[in-house]
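To start, the structure itself, in structure tokens.
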Amino acid sequence: MSFPPDTTRPIERAARDLVNSSYAIALTGAGISTESGIPDFRGPSGIWTKDPEAERRAFETYRKFLSDPRAYWEERLRSPSLLGDLSQVEPNPGHYALAELERMGILKCIITQNVDDLHRRAGSKRVLEYHGNAFRLRCVSCNARYEREEYDLQRLKDEGKLPPLCKRCGGVVKSDVVHFEEPIPTDVARQSLKEAWRCDVMLICGTSAVVYPFANLPRIARQRRVEKESRTESGLYVVEQVPATTIIEVNAEPTPLTREKVSDYLIQGKTGEILPAIVEEVKRLTRS
Ligand code: APR
């Protein structure tokens with residue numbers, strides 16, 4: 001893959017930033033999965049872009065669950081997923097590139113908004129699923145997670161026994177997918193905050209960065225400062241507070257993080273092409 005100079009230079013810069021990092025993490029959104037055939041939400045052919053009414057309905061889902069879990073489940077079992085059949089898709093070079101950076105000991109964690117399980121299937125081990133996982137269920141009382149196969153949902157429906165109940169505490173079980181206005185599960189929320197505060201490189205891939213609280217994570221990382229010693233021209237010895245984290249975006253288009261200069265730089269293009277190029281450059285730097 002060859003890139004124009006205004007893409008090659010930031011790719012080389014990102015590789016250097018990653019090689020020089022001590023704790024790099026990645027944040028990902030639907031954009032990293034579009035090259036696997038899964039539509040994103042707000043890109044030019046995104047699900048919400050093409051059907052704003054579907055987004056408005058999605059804002060009702062969690063309220064429906066709270067008021068009538070049985071009806072929530074009957075609706076879920078009746079209608080197909082907006083993302084299509086996720087069991088038929090495969091990771092793409094963007095997912096594999098992040099898994100490779102983890103294997104190289106550079107990437108310590110991925111915090112993803114995606115529910116498609118593709119980072120884990122690409123070989124990434126430390127993945128925080130900020131908006132849950134479409135193949136899992138979760139107890140809303142004790143946060144216990146279950147593989148979807150652990151419940152025969154159709155039989156529960158036929159026998160009038162919906163909603164499924166937690167095998168551990170008896171609480172109500174819903175899809176692990178976090179709906180609009182649903183709280184982020186406390187265990188994932190807490191760990192994600194720790195990662196955002198700890199990292200010294202944050203690689204943000206394929207997200208429009210408009211959904212909160214996920215979009216707060218880069219802003220939190222931006223707040224962290226470290227002391228840097230320097231000497232002025234007159235020989236004065238000074239210590240100043242400088243940003244502790246380098247924030248890099250890889251995205252098809254600029255985002256609020258770009259415009260508000262929360263990120264240090266944007267490498268504009270496809271994650272499936274740019275991330276493998278960054279990995280190749282990291283390998284070149286670590287070989288030499
Ligand atoms: N390479 C790089 N960027 C891409 C690619 C690609 N191949 N394909 C799409 N993009 C960009 C789009 O231009 C857009 O800026 O990725 C971004 C995807 O943004 P969204 O569609 O808003 O997806 P995301 O940011 O993950 O949405 C966050 O919104 O609806 C909720 O819960 C849903 O987790 C989702 C959340």
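Counting starts at 1 for both ligands and their atoms, following the listed order. Nothing here was measured: the structure is a model prediction, and the numbers come from that model.
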Once rounded to the nearest 0.5 Å, what's the spacing between atom OG1 of T271 and atom CD1 of I32? 5.0 Å
The protein heavy atom nearest to atom 32 (O) of ligand 1 is H131 ND1, 3.5 Å
What I want to know is whether A30 and ligand 1 share at least one N or O pair that is separated by under 3.5 angstrom. yes
G269 near ligand 1 by a heavy-atom separation under 4.0 Å: yes
Is there a polar contact, in the sense of an N or O pair closer than 3.5 Å, between T34 and ligand 1? yes
In plain terms, say whether R138 and E129 are close enough for a salt bridge, that is, a side-chain N and a carboxylate O under 4.0 Å apart. no
For A252, the ligand 1 atoms with a heavy-atom partner under 4.0 Å come out as 2 (C), 3 (N), 4 (C), 10 (N), 13 (O)
Please say whether more than 12 non-hydrogen atoms of neighbouring residues, nucleotides or ligands are located less than 6.0 Å from OH in Y237. no
Counting only heavy atoms not in E53 (residues, nucleotides, ligands), do more than 12 fall under 6.0 Å from its CD? yes
What I want to find out is whether E195 reaches R126 closely enough, with some N-O distance under 4.0 Å, to be called a salt bridge. yes
Looking only at distances, please establish whether an N/O atom of ligand 1 is found under 3.5 Å from an N/O atom of S208. yes
Does the residue F180 have a heavy-atom contact with ligand 1, meaning some pair of atoms that are separated by less than 4.0 Å? yes
Lys/Arg N to Asp/Glu carboxylate O, E281 vs R16, below 4.0 Å: no
Of the protein's non-hydrogen atoms, which lies at the shortest distance from atom 1 (N) of ligand 1, and what is that distance? T271 N, 2.9 Å
Test item, G206 contacting ligand 1 (heavy atom, 4.0 angstrom): yes
Using 30° and 60° as the class boundaries, would you call the ring planes of Y62 and H179 parallel, tilted or perpendicular? tilted
So which protein heavy atom does atom 35 (C) of ligand 1 come closest to, and at what separation? F41 CE1, 3.7 Å
Between the side chains of D264 and R222, is the shortest nitrogen-to-carboxylate-oxygen separation below 4.0 Å, so that they form an ion pair? yes
Looking only at distance, does V210 have an N or O less than 3.5 Å from an N or O of ligand 1? no
Do any nitrogen or oxygen atoms of T255 come within less than 3.5 Å of a nitrogen or oxygen of ligand 1? no
Enumerate the atoms of ligand 1 whose separation from the nearest heavy atom of E35 is less than 4.0 angstrom. 1 (N), 6 (C), 7 (N)
Who's the nearest protein heavy-atom neighbour of atom 9 (C) of ligand 1, and how far? D40 OD2, 3.2 Å
Aromatic rings F180 and W48: how do their planes relate, parallel, tilted or perpendicular, breaks at 30° and 60°? tilted
Quick test: of every protein heavy atom, which one is nearest to atom 15 (O) of ligand 1, and how far off is it to 0.1 Å? E253 OE2, 2.7 Å
Near R198 CZ, under 6.0 Å, is it more than 12 heavy atoms from other residues, nucleotides or ligands? no
Is the shortest distance from a Lys or Arg side-chain nitrogen in R9 or E12 to a carboxylate oxygen in the other one below 4.0 Å? no
Check this for me: does any side-chain nitrogen of one of R78 and E74 sit under 4.0 Å from a carboxylate oxygen of the other? no
Could a heavy atom of W48 be found less than 4.0 Å from some atom of ligand 1? yes
Should the pair R63-E60 be classified as a salt bridge under the 4.0 Å nitrogen-to-oxygen rule? yes
Students should be able to answer this: which protein heavy-atom is nearest to atom 10 (N) of ligand 1, and at what distance? G31 CA, 3.6 Å
For atom 31 (C) of ligand 1, find the nearest protein heavy atom and state the residue, atom name and distance (0.1 Å precision). R42 NH2, 3.6 Å
Give me the nearest non-hydrogen protein atom to atom 28 (C) of ligand 1 as residue plus atom name, then the distance to 0.1 Å. Q113 OE1, 3.1 Å
Give yes if a backbone or side-chain nitrogen or oxygen of V211 is under 3.5 Å from a nitrogen or oxygen of ligand 1, and no if not. no
Could you list the atoms of ligand 1 found under 4.0 angstrom from a heavy atom of G29? 26 (O)
